[in-house]
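The structure appears right after this line, and notes come after that.
For ligands, and for the atoms within them, numbers begin at 1 and follow the listed sequence.
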Amino acid sequence: MPGFSDRDRGRDRGYGGAPRFGGGGGGSRGGPPQGKFGNPGERLRKKHWNMDELPKFEKNFYQEHPDVTRRPPQEVENYLRSKEVTVKGRDCPKPMMKFHEANFPNYVMDVIAKQGWAEPTPIQAQGWPLALSGKDMVGIAQTGSGKTLAYLLPAIVHIQHQPFLEHGDGPICLVLAPTRELAQQVQQVAAEYGRASRLKSVCVYGGAPKGPQIRDLERGVEICIATPGRLIDFLEAGKTNLRRCTYLVLDEADRMLDMGFEPQIRKIVDQIRPDRQTLMWSATWPKEVRQLAEDFLKQYVQINVGALQLSANHNILQIVDVCNDGEKDDKLLRLLEEIMSEKENKTIIFTETKRRCDELTRRMRRDGWPAMGIHGDKSQQERDWVLNEFKYGKAPILIATDVASRGLDVEDVKFVINYDYPNSSEDYIHRIGRTARSQKTGTAYTFFTPNNMKQASDLIAVLREANQAINPKLLQMAEARGGNSYGGETGTRLWLHLQT
Ligand code: AMP
């Protein structure tokens with residue numbers, strides 16, 4: 001068996017425990033006893049706001065840099081066109097093509113400088129001036145596009161312009177995220193950039209002990225990153241409040257709706273003053289997400305990055321193996337033998353069900369493969385541990401259900417294997433997008449069986465768009481079904497970030 005050495009990631013991401021910050025004591029805030037009866041958030045009352053009584057606050061901090069002002073309109077237009085950025089809505093400021101044009105405080109610029117990045121990503125270039133100007137916005141972009149900094153750095157500026165937190169105050173910036181993994185990733189970025197500015201952040205998510213999260217909240221935090229269910233628990237129990245919240249981010253809104261969080265999100269947003277700034281992020285733009293934007297945002301500007309269709313990252317080589325279910329194990333074995341002889345071999349294998357994930361993990365481990373499984377039924381502790389082992393290369397094979405397909409940002413995943421084809425080509429794109437992060441390349445292998453036949457033409461459309469070779473057996477399947485082999489029948493028009 002090949003050796004699987006530890007790899008130096010170059011920086012400590014601090015997985016497996018929220019960083020702790022110093023700060024004053026702050027006692028318990030009391031509140032009603034916690035209970036889990038009835039609907040989540042049942043005891044949270046919709047607030048009726050008297051705008052005259054609310055303390056005023058500032059949200060427009062944008063001053064256009066002279067280099068941006070001087071830039072000829074043609075150059076701006078060329079930039080937006082070449083990056084496939086489209087903007088809808090009124091009074092959107094010009095994009096910033098260089099980091100210095102954002103005028104972020106020096107301590108933020110220092111952290112950016114350390115990363116060695118060439119320039120802002122398109123979503124940052126257009127998102128920063130918009131967010132800094134205090135406007136509500138929708139960003140259609142996925143993980144991998146640089147969206148976390150697109151909303152977090154303006155959040156830092158926003159917070160720095162607000163009065164200090166006082167005892168008993170809740171967060172100024174709230175980020176709602178669908179999964180613990182994404183919430184933790186966002187908090188690591190918040191901690192990295194907030195440290196220099198002495199901003200405190202907390203990550204609040206279910207499946208982990210409440211005590212430490214409550215203690216962090218009670219100490220006073222400017223930034224709270226939360227999954228909706230756990231935050232509702234804390235709000236109901238009076239462990240925190242959203243009276244000071246003036247900067248609200250909904251991250252992966254489409255995913256939160258998919259996961260059934262809409263009632264919780266609505267309850268939470270009801271607790272936040274209506275003149276807040278709201279930034280909503282989504283990889284797709286179906287009608288449910290549009291409705292949420294209509295309900296929560298005011299006169300918003302929308303930014304899309306990428307082609308206006310369902311599309312996969314073009315840096316991924318996509319290989320589809322048309323086979324029968326009974327052949328999958330053999331094929332997987334052969335594939336893994338090849339992959340594991342490579343120097344860079346980090347691989348995610350996707351299964352459809354938790355059971356299949358457990359079975360496959362068990363069998364592979366029994367046969368000596370350095371594999372670990374992750375799915376929604378695992379405890380938080382176990383998921384953290386498994387992700388850590390994977391991230392740092394101790395177990396370079398991760399077997400996962402779709403819980404890991406979005407938001408998981410491990411830089412050097414080289415291979416994705418779809419052991420089971422997912423439910424939609426949208427999920428397919430998200431899964432294979434776990435490889436080829438930040439301009440790297442990767443390979444996706446997909447086992448496609450007759451059971452998946454009805455998805456053949458959608459998959460062909462994705463492959464064609466990304467200029468991939470198409471397995472003739474796949475074409476035959478699409479034709480046998482009477483569909484057109486050009487595919488593209490995805491029902492909803494999807495806007496996905498095209499990372500080229
Ligand atoms: P996100 O979309 O926020 O999940 O970011 C995806 C990855 O892009 C992260 O690993 C970031 O560190 C990286 N990133 C963020 N901004 C930039 C940039 N301007 N240039 C290159 N990489 C970036």
| field | Close N or O approach (G144, ligand 1; < 3.5 Å) | value | yes
| message | If we only consider heavy atoms of Q115, is any one of them less than 4.0 Å away from an atom in ligand 1? | response | no
| task | Could you list which atoms of ligand 1 come closer than 4.0 Å to a heavy atom of S145? | result | 2 (O)
| Can you tell me if CD on E119 sees more than 12 non-hydrogen neighbours from other groups inside 6.0 Å? | yes
| query | Do the ring planes of F99 and W128 sit parallel (below 30°), tilted (30 to 60°) or perpendicular (above 60°)? | reply | tilted
| remark: T148 heavy atoms within 4.0 Å reach ligand 1 at atoms 1 (P), 3 (O), 4 (O)
| field | N or O pair under 3.5 Å between F99 and ligand 1 | value | no
| task | Over all heavy atoms of both residues, which pair between A466 and Q318 is shortest? Give the atoms and the distance, please. | result | CB-NE2, 3.6 Å
| message | Is it the case that over 12 heavy atoms from other parts of the model lie below 6.0 angstrom from the CD atom of E288? | response | yes
| request: Say whether E411, considering both its backbone and side-chain N or O atoms, lies within less than 3.5 Å of an N or O atom on ligand 1. | output: no
| request: For P120, counting its heavy atoms only, list the atoms of ligand 1 lying under 4.0 Å from any of them. | output: 19 (N)
| said: Heavy-atom count check: over 12 atoms from other residues, nucleotides or ligands less than 6.0 Å from R198 CZ? | reply: no
| remark: Candidates K147, E119, Q185; heavy atom nearest atom 19 (N) of ligand 1 found on E119
| query | Step by step, would you call Q115 with E192 a side-chain hydrogen bond (donor to acceptor under 3.5 Å, both in side chains)? | reply | CA-CA 12 Å; Q115 317 283 348; E192 192 179 2; 3.1 Å; yes
